[in-house]
**Q** 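One structure is given below, represented as structure tokens, and several questions about it will come after.
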Amino acid sequence: MAKVTTKVRTRFAPSPTGYLHVGGARTALFNWLYARHHDGIFVLRIEDTDLERSTEESLTAIFEGLEWLGLDWDEGPGPEGPFGPYFQSERLDIYREHVQRLLDEDKAYLCYCTPEELKQRREESFARGEDPKYDRRCACLTPAERQALADKGREPVVRFRSSDEGSTVVDDLIRGEIVFDNEMLDDFVILKSDGMPTYNFAVVIDDHLMQITHVIRGDDHISNTPRQIQVYEALDFPVPEFAHLPMIHGSDKTKLSKRHGATSVTEYRDNGFLPEALVNYLALLGWSYSATDTLFTVDELIRKFSLDRVSRNPAVFDMKKLEWMNGVYLREMEPDRLTDTVIPRLQREGLIPEQVDKATRAKIQKIAVALQSRIRTLAEFVPSSRYFFVDDIEYNQKAVEKFLYRDYVPELFGLLLDKLTHTEPFDEPNIEKVFLEVQAQVDRKLGEIIQPVRVAVTGTNVSPGMYEVLAALGPARTCHRLKTMKEMVKQKLSADEA
RNA sequence: GCCCCCAUCGUCUAGCGGCCUAGGACAUCGCCCUCUCACGGCGAAGACAGGGGUUCAAAUCCCCUUGGGGGUACCA
């Protein structure tokens, strides 16, 4: 008999209780890559059953983050699809229907214990050194007993009747078989008293109804999986494939969180990272292709991704490596695109006008290209290019003392000014010619000429090549800064003499 | 406490019994290029957690210890 091959369907199912975390993004990416690689369907489902913590802003942030990364979903909010709705809060009837079925088949029961009682009992049994499992006191309530509890105004939850016998095996694509003794599992809640399903229940119903074939998620879900498998079995649903990804850790090897620095995807965007760099980096957190390859385009990732090359051990998020990788992508950017991405940042700082004319754009492009190999994030562009855009620049005092307070500087600047004021056009070859001529006149090493100029013109001793800086800066600002510093140095030197 | 997962350079990892005197990348250090800083090039240092087995042979398989992580909710 021919093997039935069903189309791969994966999903990312975030709960809108915070921004899109890089860990979540990595999970989304792997699901997306797997679906794209197999020509399958990638579903986005919003798990908003926690009324307390779900927010509209989080939802927006998740959409924004996924879109920015280029992780488009085939079904879900927006495109919709045949298995909607894709918000769990809009699927309550569906859950209730299935809960009722379990109730009818006596595979679940009503429980009237209050959260306070449960908490207390849990603490007591914990103190006695026992497993803090639910004691099943509501498992065999008579109708009369239930009525009595209900009359007292208690809102029941529905608990799943789990088996104490045998074991449940999770067959994980990444880890192999994981065996859990059923004795360990208690009668967990599947429907809360507010009518919302719990995660372990809703996820099963939805994954089944949405025909998810591969559940790819963080390995913090491993211990939930046997519960979910029991629900699948109780409902007679086929069990999907599972693949549990290793966690992403911070530098202290604990689960990545805010104290480790930026964790939200939009934060990386705002901090000047490129989506293709983040995607590439995230792909390498828990997955590798070969002994030597680290740089992959999205198309290559789709082509090369497979679950059998996913690692089992947790990965520490290494900001340094991300920055390096971002630098690689930055350096590969076409000048036009680089200019496009840099302009809004300059505008936000008020360094350039809202309307950028052709000449300004050309100038920005020159500056961007000059700085391209010197920045690792877009965010670094603004501070390191500031002196091109403002009249009053800041001077680094140490650099001034080291390079400007030298007795040959006033004369040197004088000679340069004589020539530069008449340099036409004011471009790199001509500027270089001037410097070489002056160098011959003063008979000094090039560095002794350029460093003082660099400080005078940029305020620092670090910048791109001097000639391209001056060309981009233009004759007016160049000469003005040289003149100002020439006078300043002259005064300083004569004051020192006195 | 109990259950589960994990264990190769500081970090991400390659390795799926002999190809390993363990390979690559980031970070670090040195040299070269050079007007500074980057970029780039070359090079150095740096790891199989420990202990038992199995085997002619173990980073690779098994067990224990240790260490880390996760779960143990009317969160997801």
Side-chain angles (χ1 to χ4, degrees), chain A residues 13-17 47-50 52-54 88 111 113-115 118-119 122 126-134 155-159 170 172 175 178-181 183-186 188-194 196-200 202-203 217-226 244 246-247 249 251-255 281 284-295 308-309 311-325 327 331 371-376 384 399 403 435 439 445-451 453-455 458 460-467:
Chain A
S15 61
T17 54
E47 308 215 327
D48 55 349
T49 52
D50 185 342
E52 306 281 302
R53 299 195 299 149
S54 297
Q88 288 190 327
C111 166
C113 299
T114 65
L118 292 167
K119 192 176 173 224
R122 199 160 34 233
F126 195 84
R128 268 181 268 123
E130 295 166 11
D131 285 344
K133 286 171 60 174
Y134 175 60
E155 291 291 340
V157 300
V158 178
R159 283 185 186 271
V170 178
D172 190 277
R175 286 153 219 276
I178 308 166
V179 182
F180 294 85
D181 280 343
E183 204 188 337
M184 296 313 304
L185 309 176
D186 64 356
F188 55 98
V189 173
I190 56 177
L191 195 73
K192 303 184 232 175
S193 55
D194 65 0
M196 286 289 175
T198 59
Y199 166 74
N200 279 316
V203 74
R217 72 224 311 189
D219 71 13
D220 48 344
H221 287 288
I222 287 182
S223 40
N224 284 321
T225 311
H244 287 98
M247 296 275 85
H249 285 175
S251 45
D252 60 356
K253 312 249 182 160
T254 61
K255 203 170 166 178
Y281 180 70
L284 258 24
L285 244 32
W287 174 84
S288 65
Y289 179 66
S290 71
T292 52
D293 298 355
T294 47
L295 264 11
D308 53 26
R309 293 204 60 89
S311 144
R312 278 178 296 273
N313 30 334
V316 174
F317 192 91
D318 183 0
M319 185 64 98
K320 281 275 187 296
K321 190 160 184 173
L322 205 212
E323 283 174 355
W324 162 77
M325 197 171 273
R331 268 170 255 134
L371 251 15
Q372 194 166 14
S373 70
R374 281 162 250 259
I375 54 173
R376 300 166 88 77
S384 48
F403 295 108
F435 272 74
Q439 182 189 14
K445 286 192 287 191
L446 234 206
E448 294 179 293
I449 295 168
I450 282 179
Q451 279 302 77
V453 173
R454 176 169 276 119
V455 176
T458 70
T460 78
N461 54 348
V462 173
S463 87
M466 203 66 267
Y467 312 139

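Within every chain, numbering begins at 1; the chains are lettered A, B, ... in the order of the sequence lines, protein sequences first and strands thereafter.
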**Q** Among B:C4, B:U13, B:C74, which is the nearest nucleotide to the side chain of A:Ser193?
**A**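 Of the options given, the side chain of A:Ser193 lies nearest B:C74.
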
**Q** Could you work out the separation of B:G67 and B:G51 based on their C1' atoms and round it to a whole Å?
**A**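 About 14 Å, rounded to a whole number of Å.
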
**Q** Please state the C1' separation for the pair B:A57 and B:G18 - nearest whole angstrom.
**A**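 About 6 Å, rounded to a whole number of Å.
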
**Q** Of the nucleotides B:G69, B:G23, B:C4, which one has an atom closest to the side chain of A:Met247?
**A** B:G69

**Q** Which value, in whole Å, describes the distance between the P atoms of nucleotides B:G23 and B:C31?
**A**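 The answer is 25 Å between these two P atoms.
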
**Q** Could you work out which one of B:C35, B:A76, B:C12 sits closest to the side chain of A:Thr198?
**A** B:A76

**Q** Indicate whether OP1 or OP2 belonging to B:C74 is found under 4.0 Å from a side-chain N or O atom of A:Lys119.
**A**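 The answer is no; no side-chain N or O of A:Lys119 sits under 4.0 Å from OP1 or OP2.
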
**Q** Does B:A38 have OP1 or OP2 under 4.0 Å away from a side-chain N or O of A:Arg376?
**A**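 It does not, given that no N or O in the side chain of A:Arg376 lies less than 4.0 Å from OP1 or OP2 of B:A38.
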
**Q** Would you indicate, yes or no, if B:C12 has its OP1 or OP2 atom less than 4.0 angstrom from a side-chain nitrogen or oxygen of A:Arg309?
**A** no

**Q** Taking the C1' atom of each, how far is B:C56 from B:G24, in whole Å?
**A** 32 Å

**Q** Could you go through the side chain to side chain contact (heavy atoms under 4.5 Å, CB included) check for A:Arg175 and A:Ile222 one step at a time?
**A** CA-CA 10 Å; A:Arg175 286 153 219 276; A:Ile222 287 182; 3.7 Å; yes

**Q** Quick check against the 3.5 Å criterion: does A:Arg309 have a side-chain atom that pairs as donor or acceptor with the backbone of A:Trp287?
**A** no

**Q** Using the C1' atom in both, what is the distance from B:C64 to B:U54, to the nearest Å?
**A**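 Their C1' atoms lie roughly 15 Å apart.
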
**Q** In the structure shown, which nucleotide is the Watson-Crick or G-U wobble counterpart of B:C2, with both distances under 3.5 Å?
**A**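 Partner of B:C2: B:G71.
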
**Q** With a 4.0 Å limit, can you tell me whether A:Ser223 has a side-chain N or O closer than that to the phosphate oxygens OP1/OP2 of B:G70?
**A**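 Result: no.
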
**Q** Given that both distances must come in under 3.5 Å, which nucleotide forms a Watson-Crick or G-U wobble pair with B:C39?
**A** none

**Q** Given B:C74, B:G1, B:C12, identify the nucleotide with an atom nearest to the side chain of A:Pro132.
**A** B:G1

**Q** Output the rounded distance in Å from CZ (A:Arg217) to C1' (B:C5).
**A**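 To the nearest whole Å, that distance equals 14 Å.
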
**Q** Only pairs with both distances under 3.5 Å count, Watson-Crick or wobble alike; so what is the partner of B:C26 in this structure?
**A** B:G10

**Q** Between B:G68 and B:A59, how many Å separate the two P atoms, rounded to a whole number?
**A** 26 Å

**Q** Distance between the C1' atoms of B:A27 and B:U21, in whole angstroms?
**A** 26 Å

**Q** Would you say the side-chain atoms of A:Thr198 and A:Asn200 include a donor-acceptor pair closer than 3.5 Å?
**A** no

**Q** Where the side chain of A:Asn313 is defined as all heavy atoms beyond and including C-beta, which of B:A76, B:G40, B:A7 is the nearest nucleotide?
**A**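 Closest nucleotide among those given: B:A7.
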
**Q** Has A:Asn461 got a side-chain atom pairing as donor or acceptor with A:Ala399's backbone, closer than 3.5 angstrom?
**A** no

**Q** Quick one: A:Asp219 CG to B:A7 P, roughly how many Å, whole number?
**A** 11 Å

**Q** If you check the A:Arg175 side chain, which of B:C5, B:C12, B:A76 turns out closest?
**A**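 The nucleotide sitting nearest to the side chain is B:C5.
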
**Q** Could you work out which one of B:C35, B:C74, B:G69 sits closest to the side chain of A:Val157?
**A** B:C74

**Q** Paired with B:U60: which nucleotide, if any, by Watson-Crick or G-U wobble criteria at under 3.5 Å for both distances?
**A**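 Result: none.
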
**Q** Which of the following nucleotides, B:C35, B:C74, B:C26, is nearest to the side chain of A:Leu118?
**A** B:C74

**Q** I need the NZ-C1' distance between A:Lys255 and B:C75, as an integer number of Å.
**A**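 Nearest whole value for this atom pair: 11 Å.
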
**Q** Nearest to the A:Asp50 side chain among B:A25, B:A76, B:G70, which nucleotide is it?
**A**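 It is B:A76.
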
**Q** By side chain to side chain contact (heavy atoms under 4.5 Å, CB included), which residues pair with A:Met184, not counting sequence neighbours?
**A**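 So A:Met184 forms a side chain to side chain contact (heavy atoms under 4.5 Å, CB included) with A:Asp131, A:Asp181.
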
**Q** Looking at A:Lys253, does any N or O in its side chain come under 4.0 Å of the phosphate oxygens OP1/OP2 on B:C12?
**A**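 A:Lys253 to B:C12 OP1/OP2: no side-chain N or O under 4.0 Å.
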
**Q** At under 4.0 Å, does any side-chain N or O of A:Thr49 touch on OP1 or OP2 of B:A76?
**A** yes

**Q** Specify the separation, in whole Å, of atom CH2 of A:Trp324 and atom P of B:A38.
**A**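 Rounded to whole Å, this separation is 18 Å.
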
**Q** Which listed nucleotide (B:C74, B:U11, B:C35) is nearest to the side chain of A:Asp318?
**A** B:U11

**Q** For B:A49 versus B:C9, give the span between their C1' atoms, rounded off to a whole number of Å.
**A**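 Roughly 14 Å separates the two C1' atoms.
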
**Q** Test the A:Arg159-A:Tyr134 pair against the cation-pi criterion, namely NZ or CZ under 6.0 angstrom from the six-membered ring centroid and within 45° of the ring axis.
**A** yes

**Q** Within the structure, does a side-chain N or O atom of A:Arg312 lie under 4.0 Å from either OP1 or OP2 of B:U8?
**A** no

**Q** Check whether A:Lys133 reaches the backbone of A:Glu183 with its side chain - one donor and one acceptor, N or O, closer than 3.5 Å.
**A**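 Between the backbone of A:Glu183 and the side chain of A:Lys133 there is a qualifying donor-acceptor contact (under 3.5 Å).
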
